[in-house]
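Structure first, then comments.
Proteins get letters first, then strands, A, B, ... in listed order; numbering begins at 1 in each. What's counted below: heavy atoms across the whole structure, side chains too, no hydrogens, waters or symmetry copies.
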Amino acid sequence: MISASAVNSENSLDTLRHSTAHVLAQAVLDLWPGTFIAIGPPVEDGFYYDFYLPGGKHFTQEDLALIETKMRDIVAQDQPFIRKECSTKEALNLFKNQPFKQEIIETIQNENTGDKKVSLYYNPPGEFVDLCRGPHVESTGKLGAFKLIRISGAYWRGDEHREQLQRIYGTAFNTREELESYLAQLVEAEKRDHRKLGAELDMFYFLPEIGGGLPVFSPKGALVRHLMEAYSVEKHLASGYQLVWTPHLARSELFETSGHLQWYQENMYPPMEMEGVTYYPKPMNCPLHISLYANKLHSYKELPLRLFEFGTVYRFERSGVLHGLTRVRGLTQDDSHIFCAPEQLGHELTGVLEFVVQMLGAFGLREFDAELATRPDKFVGDIAEWNFAEEALRQALGASGIDYSVAEGEGAFYAPKIDIHLRDAIGRRWQVSTIQVDLQLPQRFDLSYIGPDNTKHRPFMLHRALFGSVERFMAILIEHYAGALPTWLSPVQVKVLAVRDTHEEYAKYVVFHLRERSFRAEVSLADEPLGARVRSAKLEKIPYVLVVGDDDVNGHTVGVNARGSSKALRGVGLEEFYQRLEQEVVSHG
RNA sequence: GCCCGUGUAGCUCAGUGGUAGAGCAGCGCACUCGUAAUGCGCAGGUCAGGAGUUCGAAUCUCCUCUCGGGCUCCA
C-alpha cells in the first residue's frame, strides 16, 4: 500500500482544486449528515462537487458561507490525504450508504480489465473517505486560496432521466492574489455582458411577445450587423466565393435526403403543410446549397466552387439553454459550402484557415487556437476517406501556424472538423469558426462533376463558417470591446455638440459634411448644459465627441474628444479631422 | 425540458399584512452654457398573470409565465 500521495510543493492547479473538492464534500457531510455524494472533479476554472440531499432538502446561496467556514476548519486541522487501495468488493461495502459511489464502483467492476482494485483517500482523524483516483495534496493545510462560487442543478451522469443533483461550484488557486484576480475577472466579465450592454447601447432586445431566443435588432444594432455582413461579403467576393441566396423553408423531402429529419429532427421546428406539401424551416443551409449545386452539371474546370450566404436558420433550443445572442433559436450563419476535387482539398483547407485568420483579425481578434476532431466510434462512410480528410485537415493546420490540439473521436458522425477558438480581451475562449469535411452529403445527394476523363466524379464538400453566427459573433465583439466598438463598426462615429444655440448652425454644417463623406454623425443641440451632453455622448461610447463654439465657427475647426482619452484637442481643422477619421476607419483602428 | 433563484414605472432599486415610492430616463417651461449630471414642474404602475387565505395582499399559499445560474446540446 502506498501511504502518501506522490505530490510535492509544486501542486498542479488540478490537484489543488481536486483536493479542495474533497474538503467541500467533507464539509457538506459534516453539516448535512446522510448526504449522498456523487463526483467532484476539477474543471477549467475551478472545481465542483455534486450532492443529493435526502428528504427533499436543497442548498441555498446562504449555505455557501456556512460550508466555506466549515472547509476552513478542516484546512486548519491540516488533515492528511491518505491513499489506500482495496478490492471493489470491499469498496462496495465501505460505501454501502453512498448509492452514487456504489454505481461508480460497479462500473469499474464491470469493466473488462484485470485490475479490480480501486483507490481511496482518507482524511484522518475525520471520518471522510472518498473513492478517488487522485492525486491529492499532502494535507488539507496545503490547500491554496479558494472560494465557493455558486449552486446549480446537474443530472447524475449528465443524464436527464437520472437523479437531479445539486452542484456546488468553487474555484481555487495557489495564492490569494491569483484568486482575487480571477474574481476580479468575473466582475469584469459581468460588466461586459453583451445582454446588459446590448440594451444599454440600444442595439438589440429580447421581447417576451416575440419569443425567447428570437432577438430583435434596433437601429444601432441592425447597423452594426449590416457593417459586419457588408465587410464579410466584400472579403468573400474578393476571395473567390460566390454569393447565393436560399429560402428559409424547404420541402420535407429535401431534409429526408440530407438526413436532417433522421439525425437532427429534435432541433428542427415542426413542419407546416400547405396544399398537401410539407415544409420545414431550415436548420442548416447545406441542403439548399447542395440543391443549387446539383441543379446543373459541373465541369472540373469550375471547381473549386465556393457558395456563400448569410443564411438564417431556425433551430429549436430548449428554453433553459437560451442565452443572450450566444444561444438563440434563429441565427444567421456566414455559411459557405465548397465543392472541390479530391486533389484540391488540401489547398482549399489551407485557404479557409488563412481566411479565418484574416477575417477575425480584421475585427481585432488575433489570438487563436484550433481543435482537430477526428473520427468517432459511431461514424458513417469509408475509413479510407476519413483518413484522407483527416490528414488533409492536419496538414492544413500544420501549415497555418495556428496552435492546435487533437480531440480523438470528437468529430461529427459524418465529418472530421476543425473548430477555431479565439481569446478575447479578458482571456476568455470562444468557439467561433468551424470547418468540416463532409463525408455524407455528396453521396446522399449523388453529387458529381465531369472530370477531364469525361466521366462523373464525386466532389468533396466542405462546410465552413467564420463568425459562426452573426449574432453570436456580435456578442463576442461587444464583450471583447466592452461595448466600445472600433470606429469602423460604431453605429454613431461622431457626435457634434454645439456649445450655445448660436453654434447650432455650424454644428449641423459639420454633421452634413461628415455624412457627405459617409461618416455616421449626429448633432447635439444646446438644450442642455454642455457637460451633461458630453457625459451622455461618452456613456454612449461614441468614438469622437466634437465640441464647437465661437472659436470653431470663426476658425473652421472643431474641439476633438477621442474615446479613451481624457483631454480634448482644441482647434483641430475640419479637413485634418476628416482625414484622421478616414484613416482610422480604413485601417479598422 | 429539469433543479435552484428571480420578477414593483422604460432603466436601477426601496417598500414583509393597513392609502404604491425614489433616482435616472421621458415630456413641458425656464436657463444659452467650451468639456462626464442646470433648475422647476408634469406624466408614468392590473406590484409578471391567475386562483386562494384574510375585514384588508406588492407582502402569506398554490398554479402558470418571464428572466438569471447550471445540467444537456451546440454556432
Nucleotide by nucleotide, 5' to 3', does protein get under 4.0 Å of the base (B), only the sugar-phosphate (S), or neither (-) in nucleotides 69-75 of chain B, counting heavy atoms?
-> BBBBB-B

Please state the P separation for the pair B:C40 and B:A48 - nearest whole angstrom.
-> 32 Å

Atom pairs and distances, donor-acceptor, side-chain atoms in residues 403-411 of chain A, under 3.5 Å, two or more places apart:
unit_1: A:E408; atom_1: OE1; unit_2: A:T374; atom_2: OG1; d: 3.0

Using side chain to side chain donor-acceptor pair (under 3.5 Å) as the criterion, list what pairs up with A:R329, not counting sequence neighbours.
-> none

Polar pairs (N or O, both sides) under 3.5 Å between protein and nucleotides 40-47 of chain B?
none

Using the salt bridge (Lys or Arg N to Asp or Glu O under 4.0 Å) rule, collect all pairs that involve residues 462-485 of chain A, keeping only residues at least two apart or in two chains.
-> A:R225-A:E471, A:R428-A:E479

For A:Q440, which residues count as a side chain to side chain donor-acceptor pair (under 3.5 Å) partner, sequence neighbours excluded?
-> A:R444

Would you please name every residue forming a side chain to side chain donor-acceptor pair (under 3.5 Å) with A:D50, sequence neighbours left out?
-> A:R167

What parts of residues 539-552 of chain A reach RNA chain B, counting only heavy atoms under 4.0 Å away?
-> A:L539, A:V547, A:G549, A:D550, A:D551, A:D552

For A:D202, check salt bridge (charged side-chain N to carboxylate O under 4.0 Å, His left out) against everything at least two apart and list the hits.
-> none

Sequence-distant partners of A:Y169, ring pair (Phe, Tyr, Trp, His ring centres under 6.0 Å), two or more places apart | A:Y48

Write down the distance separating the C1' atoms in B:C47 and B:U16, rounded off to the nearest Å.
-> 14 Å

Restricting to nitrogen or oxygen on both sides, can you table the protein-nucleotides 22-30 of chain B pairs closer than 3.5 Å?
none

Answer yes if the ring centres of A:W32 and A:F59 are under 6.0 angstrom apart, and no otherwise.
-> yes

With a 4.0 Å heavy-atom cut-off, tell me which residues in residues 354-363 of chain A come close to RNA chain B, sorted by residue number.
-> none

Under 6.0 Å from the six-membered ring centre of A:F379 and within 45° of its axis: does the NZ or CZ of A:R375 meet both?
-> yes

